[in-house]
Amino acid sequence: MTTVPIPAGWPATEEEARAVQDELRGRVVTDEPGPPPGSGHVTGVDVAYDDERDVVVAAAVVLDAAGLGVVAEATAVGRISFPYVPGLLAFREIPTVLAALAALPCPPGLVVCDGYGLAHPRRFGLASHLGVLTGLPTIGVAKNPFTFAYDEPGARRGAAAPLRAGAEEVGRALRTRDGVKPVFVSVGHRVGLDNACAHTLALTPAYRLPETTRRADALCRRALQEAVTRQEPTSR
DNA sequence: GCGACAG
DNA sequence: ATCTTGTCGC
C-alpha cells in the first residue's frame, strides 16, 4: 500500500484554505434531484487518524442501494494534510479520500460523507468539496448540529426539522430511529435536500447512522490499526 | 474580547 | 477524531 502524497499547492494556512473554499463554492450544483433512492450504488467514505505518527487512512465502501450489501471496498493511506479546524475539515480528509475512491473497482454512485455539505459557515463543507472535485453526487450526514439551530423533530423515525443558519435552511435534522438523537443531513453536490433525506432513511434500516458510514468507519479504523502495526512491528 | 465549533 | 470498562436498558 503506497502513501498518498499531499497535493502540490495544497493550502498551508487557514487563510489559504478559506480562499479555496470561496473560489470553489460557485461550482456546487444544486438544481439536480440526484439518483433515486434504492437503486444503483451508494458509497460511504470515512477517515481515521493517528496524529502522533502522522498517519491518516481513508476507506470507501460501495453498497448496493437496494439490498445494502457490500459491492466493493478500498482504502488509502496518507499523511496528515491539515490540522483539524472547524470549517476546514475537508482539507484534512480529501486527499486520502480521493485516493480511496480512485482505488475502487467500480463507479461509486452517490457518495455519503461524514460531516456537512452546504451546512457550513461558507456553504462549502466536506461533501460539497468532494462533489465538486469528483463531479459525483454527494450528501453529508453529520452526527452533530455544529453551530446550526434546529427544533427537535418528532419522536418517530422519519420526522425532520430544518437545520438553520439564521432564516436559511442549510440542511435537516432527520430522525432515523424512534426516540434517538437525529442526524444532520445536508446537500453536497448534484442532489436535492428531500432526496438526500430519502437516501439517508433508506440507508438506516437498523441504526442511527447510515450503513455506508458505519461500514466505512469500521474499515478505516481496521486499516489504520494495520497500518501503524506494520510501521512499528516490535514496539514496546 | 470570550466561547462554540463537522471529524 | 481519540483516550477507554463496565453497565443500564430494550
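Everything numeric here is computed off the predicted structure, so don't read it as measured data.
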(request) Could you grab the distance from atom CG of A:Leu63 to atom NE2 of A:His41, nearest 0.5 Å is fine? (result) 9.5 Å

(request) Using a 3.5 Å limit on both pairing distances, list the dot-bracket string of DNA chain B from the 5' end; Watson-Crick and G-U wobble pairs count, crossing pairs take [ ], interstrand pairs take |. (result) .......

(request) Tell me what A:Gly87 touches on the nucleic acid: a base, only sugar-phosphate, or nothing, going by heavy atoms under 4.0 Å. (result) base

(message) Need one value for A:Ala119: base, sugar-phosphate or nothing, where a base atom within 4.0 Å counts as base even if backbone is also close, heavy atoms only.
(response) nothing

(message) Could you check, using the six-membered ring where one of them is a Trp, whether A:Phe146 and A:His120 have ring centers closer than 6.0 angstrom?
(response) no

(request) Using a strict 4.0 Å threshold on nitrogen-to-oxygen distance, state whether A:Arg18 and A:Glu23 make a salt bridge. (result) no

(message) Keeping A:Arg190 on the side-chain end and A:Thr138 on the backbone end, is there a donor-acceptor pair under 3.5 Å?
(response) no

(request) Would you grab the first and last nucleotide of DNA chain B (5' to 3') that comes under 4.0 Å of any non-hydrogen atom in chain A? (result) B:dC5 to B:dG7

(request) For A:Tyr49, answer base if it contacts any base atom (sugar-phosphate contacts may also be present), sugar-phosphate if it contacts only those atoms, and nothing otherwise; contact means non-hydrogen atoms under 4.0 Å. (result) sugar-phosphate

(request) Classify the nucleic acid contact of A:Asp50 as base, sugar-phosphate or nothing, counting any heavy atom under 4.0 Å across all strands shown. (result) nothing

(request) For A:Ile80, report the nucleic acid contact type (base, sugar-phosphate, nothing); a contact means any heavy atom under 4.0 Å. (result) nothing

(request) Kindly compute the distance separating OG (A:Ser81) from CG (A:Asp54), expressed to the nearest 0.5 Å. (result) 9.5 Å

(request) Answer yes when A:Arg172 and A:Asp194 have at least one side-chain N-carboxylate O distance shorter than 4.0 Å, and no when they do not. (result) yes

(request) Indicate, with yes or no, if the rings of A:Tyr84 and A:Tyr49 have centres closer together than 6.0 Å. (result) no

(message) Consider salt bridge (charged side-chain N to carboxylate O under 4.0 Å, His left out). Of A:Arg215, A:Arg221, A:Arg214, which one does A:Asp217 pass it with?
(response) A:Arg221

(message) Rounded to the nearest 0.5 Å, what separates atom CG in A:Leu89 from atom NE2 in A:His129?
(response) 11.0 Å

(message) Checking the side chain of A:Asp178 only, and the main-chain atoms of A:Arg157 only, is there a donor and an acceptor separated by less than 3.5 Å?
(response) yes

(message) With heavy atoms of chain A within less than 4.0 Å as the criterion, where does contact along DNA chain C begin and end?
(response) C:dA1 to C:dT2

(request) Please determine which of A:Leu136, A:Ile139, A:Thr212 meets the side-chain contact (heavy atoms from CB on, under 4.5 Å) test together with A:Leu110. (result) A:Ile139

